[in-house]
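Step one of this worksheet: look at the structure below.
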Amino acid sequence: LPACIREVKVGIRGRVTAAVEMAVAAAVEAAIVALWLLLLPRTAQWSTVLVFVVASLSDFALSKIQSQHSRRGASHGLTLCAVLLPGVAAAWPASHVEAELSFSSAVGIFVANFVLQPSSPTSKLSLVAAVYALIACPPCDLISALYFNLGVAILQIILWKSLPGTFSAGEALLCAQGCALILRRAIQAALWDKSDKSDIVAAFGNAGAVAALALVILGVGWTRLWPISVNSFSKEKPSSRSQILRAVAFNGAALLTVFLVVDLWVLHALGEHGSLLMLRLILAEERAHASLFIFMLIAVLSGVAVIAACTAVEWATPASAQRRVVAQIVQRKYFHVLAVVLFLPGLVVAPVLLQVALIGAFGLGVMVETARAVGALDAVEPFLRRFLDERDRGAVVFTHIYLLLGCALPIWLEGLRHGYVIKVPLAALAGLLSVGIGDAAATVAGRSQLVSRRVFTLARGRSNSSSSSQPTLRWPGTTKTPQGTLGFVLSVVAVVWCLAHMQVVDPVNWTALIPRVCLAAIIEAYTQQIDNICIPLFLYALML
């Protein structure tokens, strides 16, 4: 009986400790987001502040509620995800877009509350925030804001319901807002707006968005005609002649769809076929473009081959389950380093070509994942399976797309601000610095025995450091370590110093940059959302 009592006490103590740590983590995340809003280059509207307050209260009220539609192991994420795009719009500035995004965020919070707990008191608060944000919209944009918000709400529900286990509530809202913004811009450019007719990047970007939507529709229709398990990682599928024919048919249809959509859209926008324009952009404009294109092609092929060979050797070596997980986390960061090698020279030499290439890479990623999800590209599954973690066990795998978007979004946004001639390279580098450099360095430093022991020694004292070879320091409520956060900050600062020394970027205000990088490193440690998307936008808004 005493042993049973002790076990019960230990269990209760453990649950209380975990609950306290989770509460502390949520409070720290909310405090960081609040500080982020204060540090933005321009003051955010009151509608954005109200959305932040309602999102924080909703996260707290819904913290104990789990949904079968949400991604396992993640919080609802409304505190960070609901404020990101309105905050970026505030930093630009784009007051009418900020009001629309705040309106859609408030309605998205209401949708999350209604799905998870209809009787939650924060549902009414989210409606109040939505009404306030709608009033803040310019009168001429009210109809547009209503239609935009309707599209965001529909997309949010579709993403959350049709892809169970893939998104948290906040991630579904953030993705829905991004998709709605891109599609609305494409529709406006096709029907009404004539200002984008001379912009190559805008034409290819709008064509890429429509092509991605066409691929998704094709994939959904294909699964209706030939039903298959949506999550193809759940079981092995035997190869057969009919399956090979189906794979060839789908991939051929996907390639034809993308080619026709992009080619005809660019022809409508610029009066020139997209394929011919792309060839001219690579070959005829500048000699550096062709050299850069060849370099990127060789780097992609050789980098993927080296990564595949290294991971194959590591997976063939016997290891414990814990060591296997650690190795898998480090292996995922190989692609982060590859992204820096690919995109940094292009941003310096040919930013327009790089932006078009990133659009093409995004379309290719969507096409590959669509083909894999419908069972038409089983050959890539053994390779992908080596890099999947608990965040990728949903219906669709977005790991490669998240990494690409995290690097590309600041580049596209800076190009959009400056007519596709990037004048502030440091802000455009926010994705490469946070995801390609900081995140990878944080993983290596956090898993490094040498760094871990050194931090442990400094924190606990030399007399106790010999009692354990592994660090016990963790940020409360997280699995992240202080040495990982330190590695994030030091690596980003070191790379920016090198770029400034080589005059790749403008002179840097270090007293302003270092605290912002520290803030991004801390939110990377505390957030449970997809950091490859959230951290680049977080840091980008601070660097404007």
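Because the structure is a prediction, the values reported are computed rather than measured.
In plain terms, the two heavy atoms of Phe488 and Ala521 that are nearest each other are CD2-CB, 3.4 Å. Ala207 approaches Val262 most closely through the heavy-atom pair CB-CA, 3.9 Å. The two residues Ser102 and Val51 come nearest to each other via the heavy atoms O-CG2, 3.4 Å.
Here the CG atom belonging to Leu84 is positioned 8.0 Å from the CD1 atom belonging to Ile535, to the nearest 0.5 angstrom. Note that CG of Leu297 and CG of Leu292 are 11.0 Å apart. Values are rounded to the nearest 0.5 Å. The structure places OG1 of Thr370 at 11.0 Å from CD1 of Ile217, a figure rounded to the nearest 0.5 Å. Note that CD of Glu272 is 9.0 Å distant from CG of Leu267, once rounded to the nearest 0.5 Å. If you take NE2 on His336 and CG on Leu432, they are separated by 11.5 Å, rounding to the nearest 0.5 Å. Rounding to the nearest 0.5 angstrom, the gap separating the CZ atom in Arg184 from the OG atom in Ser144 is 4.5 Å.
For the pair Pro536 and Cys407, the minimum side-chain heavy-atom distance is 4.5 Å or more. Residues Leu413 and Leu537 have side chains in contact (heavy-atom distance under 4.5 Å, counting atoms from C-beta outward). Here the side chains of Phe343 and Leu429 are not in contact, with every heavy-atom distance at 4.5 Å or above. Looking at Leu405 and Asn532, their side chains never come closer than 4.5 Å, going by heavy atoms from C-beta outward. Using a 4.5 Å heavy-atom threshold, the side chains of Val201 and Ile359 count as touching. With contacts defined as side-chain heavy-atom distances shorter than 4.5 Å, the pair Leu181/Leu101 qualifies. Contact of the Glu414 side chain with the Tyr540 side chain is registered, since non-hydrogen atoms from C-beta on lie closer than 4.5 Å. Counting only heavy atoms from C-beta outward, the side chains of Leu146 and Phe103 approach each other to under 4.5 Å.
No donor-acceptor pair closer than 3.5 Å links the side chain of Gln156 to the backbone N or O of Ala176. Distance alone, capped at 3.5 Å, places no donor-acceptor pair between the Asp531 side chain and the Glu524 backbone.
Applying the side-chain contact (heavy atoms from CB on, under 4.5 Å) criterion to Val504, with sequence neighbours excluded, gives Val348, Leu499, Met502. Residues meeting the side-chain contact (heavy atoms from CB on, under 4.5 Å) test with Cys175, sequence neighbours left out: Leu159, Phe167. In this view, Glu29 satisfies the salt bridge (Lys or Arg N to Asp or Glu O under 4.0 Å) rule with no residue, not counting sequence neighbours. For Phe538, the ring-ring contact (aromatic ring centres under 6.0 Å, His included) partners two or more places apart in sequence, or in a different chain, are Trp36. A search for ring-ring contact (aromatic ring centres under 6.0 Å, His included) contacts involving Trp160 returns nothing, not counting sequence neighbours. For Asn113, the side-chain contact (heavy atoms from CB on, under 4.5 Å) criterion is met by Ser58, Leu62, Ile109, Ser120, Thr122, Ser123, not counting sequence neighbours. Ile157 meets the side-chain contact (heavy atoms from CB on, under 4.5 Å) test with Val111, Lys161; sequence neighbours excluded. With sequence neighbours excluded, the residues forming a salt bridge (Lys or Arg N to Asp or Glu O under 4.0 Å) with Asp439 are Lys333, listed by chain and number. For Phe335, the ring-ring contact (aromatic ring centres under 6.0 Å, His included) criterion is met by Phe387, not counting sequence neighbours.
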Can you list the steps and then say if Gln529 with Ser75 is a side chain to side chain donor-acceptor pair (under 3.5 Å)?
CA-CA 7 Å; Gln529 309 310 300; Ser75 63; 3.1 Å; yes

How far apart are the C-alpha atoms of Leu277 and His273, what are their side-chain angles, what is the distance that settles it, and do they pass the side-chain contact (heavy atoms from CB on, under 4.5 Å) test?
CA-CA 6 Å; Leu277 179 60; His273 288 281; over 6 Å; no

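Classification of the Tyr402-Phe398 ring pair by plane angle, with boundaries at 30° and 60°, yields tilted.
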Would you be so kind as to tabulate the donor-acceptor pairs closer than 3.5 Å made by side chains of residues 248-260, with sequence neighbours excluded?
from	atom 1	to	atom 2	distance (Å)
Asn251	ND2	Ala247	O	2.9
Asn251	ND2	Ala376	O	3.1
Thr257	OG1	Ala253	O	2.7

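For residues 251-268, there are no salt bridge (charged side-chain N to carboxylate O under 4.0 Å, His left out) pairs, not counting sequence neighbours. For residues 165-181, the pairs satisfying salt bridge (charged side-chain N to carboxylate O under 4.0 Å, His left out) are Arg71-Glu171, with sequence neighbours left out.
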